[in-house]
Amino acid sequence: MMSDKYDLQAVEAKWRAEWERPRVNGARVYAWNPTESRDTSYVIDTPPPTVSGYLHMGHIYSYTQTDLIARFQRMAGKNVCYPIGFDDNGLPTERLVEKVRGIRAADMSRADFIKICHEVVQESEQDFRNLFSAIALSVDWALEYQTISPHSMKTSQSSVLDLFNKGHLTRKPQPSLWDPADRTALAQAEVVEKEMPGFMWDVNFGLEGGGTVTIATTRPELIGACGALLIHPDHPKAGELLGRNAISPLYGVPVPILADEKADPEKGTGIVMCCTFGDTTDIEWWHQHGLPTRVIVDHSGRMTDMPEFGGADWPSVDLEKAREAIAALKGLTVKQAKTKVVELLEAAGVLGVKQEVKRMVPCAERSGAPLEIIVTPQWFVKVLDKKAALIEKGRQINWHPDYMRVRYEIWVENLKWDWCISRQRYFGVPFPFWYSKRPGEEGKILAAHPDDLPVNPLVDLPRGYEAHEVEPDPDVMDTWATSSVSPQINSHGVAEGMMIDPDRHAKLFPSHLRPQAHEIIRTWAFYTIVKAMLHEDKAPWQDIAISGWCLAEDRSKMSKSKGNVVTPHSLLEKYGADCVRYWTATSRLGLDTALSEDVLKIGKRLTTKLWNAARFVGGHIADLGDAPTTPKADAAAGLVTGALDKWILAKLARTLQTATDENAKYEYADALNAVERFFWDAFCDNYLELVKGRAYGDVGGEADKASARYALFHTLETVLRLFAPVLPFMTEEIYQGLFTARHDKAGSIHARGYWPKAEDMVIDEAAEATGDAAVAILAAVRKAKSLAKVSLKTPVARLTVAPGPSAPADVAALLAPVKDDLLFAGGVQEFAVVESLPEGGEALDTDDGAFRILAVLAAPAA
RNA sequence: GGGCGCGUAGCUCAGCGGUAGAGCACUACGUUGACAUCGUAGUGGUCACAGGUUCGAUCCCUGUCGCGCCCA
C-alpha cells in the first residue's frame, strides 16, 4: 500500500538504515564478495576526500556521479568493490589542526601534536560519513580506510621500499622547492604562480682589469650567492666581456662571464646573474656550467652568516667590506634583505635604473609564501627519465572524456623536477629508513625489513642495529606519496615481495575505474600512474572518469570569500537526496555544472510524478502477486494480448537497450534522459490515458483487462529498476511497497543483478506501429480540443481519419486493434476511416504525417 | 606565451553532414476517476562571427572574437 503523499524525510531515513543491515543472503546490499574471482568484479578506486576540506556541493556532485556508475554495474550483475577512504595525513591536515585548535606544531612535542591531529580528523571524518550516507553512496563501509592508518602506512612504506630497492628512489642534497613558511620541501605540483608587483634594478659589477658591466635583476638580495654572469652570445657586448671575470658589488667575489642562449638579450640589460638559486633557470646553468653552490638563505627564508665565505671556493677581493655586508644582512628575511641590499648598493654607487615590473613568483599552494630554492637532502622519485613510458601508460587507460588525457600528457611533457616526496613535517607516514653511524659505513642508508612494516624510525630500529648505531630519517612523506597507492591500499599489495594478501591483490588490482576531478590530474592521477608503473609496470586502472566542478548559479566558482556557497545540507533538506542526485545525473562527465534550482525542481516534479503513477498502477496490480514472470514469457503465454500493451512493452524494451548501452559507456545522463522520456511521454502521457478504459473495465472483457494489468505490472517494475541508480530512495520505497512478493525473494531493488534483462523483453513490431498510430491520432484529437479551447473531457461527436502523406498501407486494419482504447480515451462517439476527408471543417495532420483527422466536437455540456 | 574545453530558444543543456530539439520560463485553454508538486496546446533560434570544403554545414577545415580551466 502506498500513501497519498511521499514522506521524504521518513522514507530516506528508513532506507538509509535498512541498506546497511545484512539482508541479501546474510550480506549487506552493497557488500563486496571477496570469495569471487576477478572476472565478475568491478573495482572502483574511490577518491579519499581530504578531511581538511569543508563539505561542499562538489563532493555531492562528483561522488554521486561515481555512485550512479557503481549502482548500474552492481545491478547489471558485477561484484562491485566500492571502497571509501579518508585522506587524513599530511600538511593540509596539520594546517587545519593548527587553525581550529589555535596551536602551532613547532611549539609542542611531535607525539602530542600527532595525537591532536588524530582527534580533529575523527570529527571531520564523521561529517563526511554523514554526508555520504545522506546522498546514498552505495559504498561498502566495511572497506573504509584512512591514509594515516597502520595499514595505509604499511602500504605506503612498502611502496617506498620497493622503489628504493628498484633504484627509482634517491636521497641526496639537491636544489629543492622550499616553503619557508611551513619549513618544508614541496613538489612541483604544489607550486602556484602568483603575479606580484616588483622592481628590476640595474646593478653595476666591476670587471677584473678595470671597467664595469651592468646586469639587471629582480632579486638583488641574492648578489652574495652569485656564481656567474650570463650573456647571450649575440649580445653586442659579448665579444668584449666573454672570458673575463666580473667582480660582484658589496662582496667583491670574482665571477666568470659566460655565454648562454637562455639569457634574453631583450630583457633588462641583456646580462643576468646566476645565483644559488633564484629560479629554475639558475639551476640549469648551475648544472650545465658546473657553478659553485653558494648558500646565503636558510630554511626559514632568512639570510645566513655565510660561514663558507672567504674560503677557496668562495673568494673575495675585499673580505673586510664583504663581512660588513654579511653582518648587516644576517638574520633578515629575504624581503627585508632586498630593501637593505638596495640601500647598500645605492650607498656604494653601483645602483642604476629601477624599473617597475610585474613578475610571476612561484609560491606555495598551501601557505601562499614565495618559495625559495634551497639545497637540502630530500627523497626524490625519479620520473624525468621516464616521460615517454609514463605517457604510454596513460594511453593504456580509457579516459572519460577522452580529451582529459591531453592534460595528463602535457603535464608529463613539461615536468621539470623529479617527484620530491619528503616533507619536513609531523603528521604523515615516516620513511622506513635510518642512517648508519657504524664505523666504516657512516651515512649508509638502512632500510626496514618488509615484514617489519609499518615502522616508525624514531622509535623502531633496523634489524641488527642498536639505537646508538643509527640516525633515524626524521622526515614524513608528502600526502600524495600515500594517496598515490590508493588502489594498492585496497588491494593489499604493492609489488612482488611487498604483498599483504597476494590473492586479494590479484583480484583488485588494477582497478576498473578511477573517478576524480580534473584539477588533480597532474597530482593524484599522475602520481598513481607513476607508482603502478614503477611497481608492476601496469596501468593502475582500466578507465578514468573525470568529473567537472559544481559552480554557483551564476557560473562563477563557489567560494567562501564570495559568499556564494550553497551547502549540501540545505539542499538535501529542501529537496531530498533523490532530487539532488537527479541534478548530478543530468550532467555528463567532464563538464562543469552550475548548481541550478530549476533542475532540482524538475527532479522534484519527476519524483512526484513517479509516486503518483505508481499509486495508480498499484491500484490495478495489487492482487496479481508475483504471477507475472517476464514480459516475454507472459506475452508468449497469451497473457498480454492488447496491442497497446505490446506497444508499451516494445517501447520499454527499446528504452532498456538505450539505458543499458549508455550506462555501460558511463553516459548516465543519456541513460537517464531515455528513461525519463519513456516514463513521461510514452507511459504517463499516452499509455496510462489509453489503458484506463480497459483497466477500469469500461472497455473490453476480462482478458483485455488482465492484459492491461500485466503490462502495467511489468512496465512499472522495469521503470523503477531503470530509475533505481538515480533515485534510490523512492524506487526502493515503491518497489518494496508494491512488489512485495518479488521482494521476498531477492531483497532490495538495488541488489546485484537487478538491472532488467534484454532477453526478458519483447518487441512486437506490428503492435508497435499500431500503438504509434493511436498515440499520434490521440495527440491530434487533443490538439483539436486545445485549439477549440475546450476541456479535454469534451466528447468528439465524430472522428474521421484519412491517410496522410506518409500513410501506411491499410489504415483501417492498422487501427483496428486499438480502436476501442482510442475512442474511449478521446471521448469519441462516432468513428470512420476514409480515403480522403470531406470538405469543410478544420482538418489536422498528425505530427508524423501519417494521418489527417477531422474531429467534430460535441456541443459542450451545459 | 602554450594546451584543452565551451559559445545552439530568455535560462540550463542535448544534437554534430540532409528542412533546428528537450526541460524550465512565458502565453492560452482545461480541475479528465494517479498527479494543480497537474494536464493539453502554443509563442520563441540568420545554431558567436568570417572564410573554405561539399549538391547540401549548427555539425568538417581555417581564422577571428568572447568565456572558463590547466600549464608556462
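All values below were derived from every heavy atom in this structure, side-chain atoms included, with hydrogens, water molecules and symmetry-related copies excluded. In what follows, chains are A, B, ... by sequence order, proteins preceding strands, each numbered from 1.
- Residues from residues 654-667 of chain A lying near RNA chain B, meaning a heavy-atom separation below 4.0 Å, are absent.
- Across all strands, A:D698 comes closer than 4.0 Å to base atoms (heavy-atom distances).
- Nearest nucleotide to the A:W549 side chain, out of B:rG39, B:rU37, B:rC69: B:rC69.
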Polar atom pairs between nucleotides 27-29 of chain B and protein, under 3.5 Å, N or O only, would you list them?
unit_1	atom_1	unit_2	atom_2	d
B:rA28	O2'	A:K789	NZ	2.6
B:rC29	O2'	A:K789	O	3.4

Practice task
Go through the steps for A:Y710 and A:D645 under the test side chain to side chain donor-acceptor pair (under 3.5 Å), then give the verdict.
Solution key: CA-CA 8 Å; A:Y710 271 78; A:D645 305 330; over 6 Å; no
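- Taking the P atom of each, B:rC38 and B:rG23 are spaced 14 Å apart, rounded to whole Å.
- Nucleotides B:rG2 and B:rU8 place their C1' atoms 29 Å apart, quoted to the nearest Å.
- Across all strands shown, B:rG3 is found opposite B:rC69 as a Watson-Crick or G-U wobble partner, with both distances under 3.5 Å.
- Between B:rG42 and A:K783, a contact under 4.0 Å exists linking OP1 or OP2 to a side-chain N or O.
- Taking the P atom of each, B:rG68 and B:rG39 are spaced 38 Å apart, rounded to whole Å.
- For A:W411, the listed nucleotide lying nearest its side chain is B:rA72; candidates were B:rU40, B:rC38, B:rA72.
- Minimum atom distance to the side chain of A:N414 is reached by B:rC71, of the listed B:rG39, B:rC71, B:rU37.
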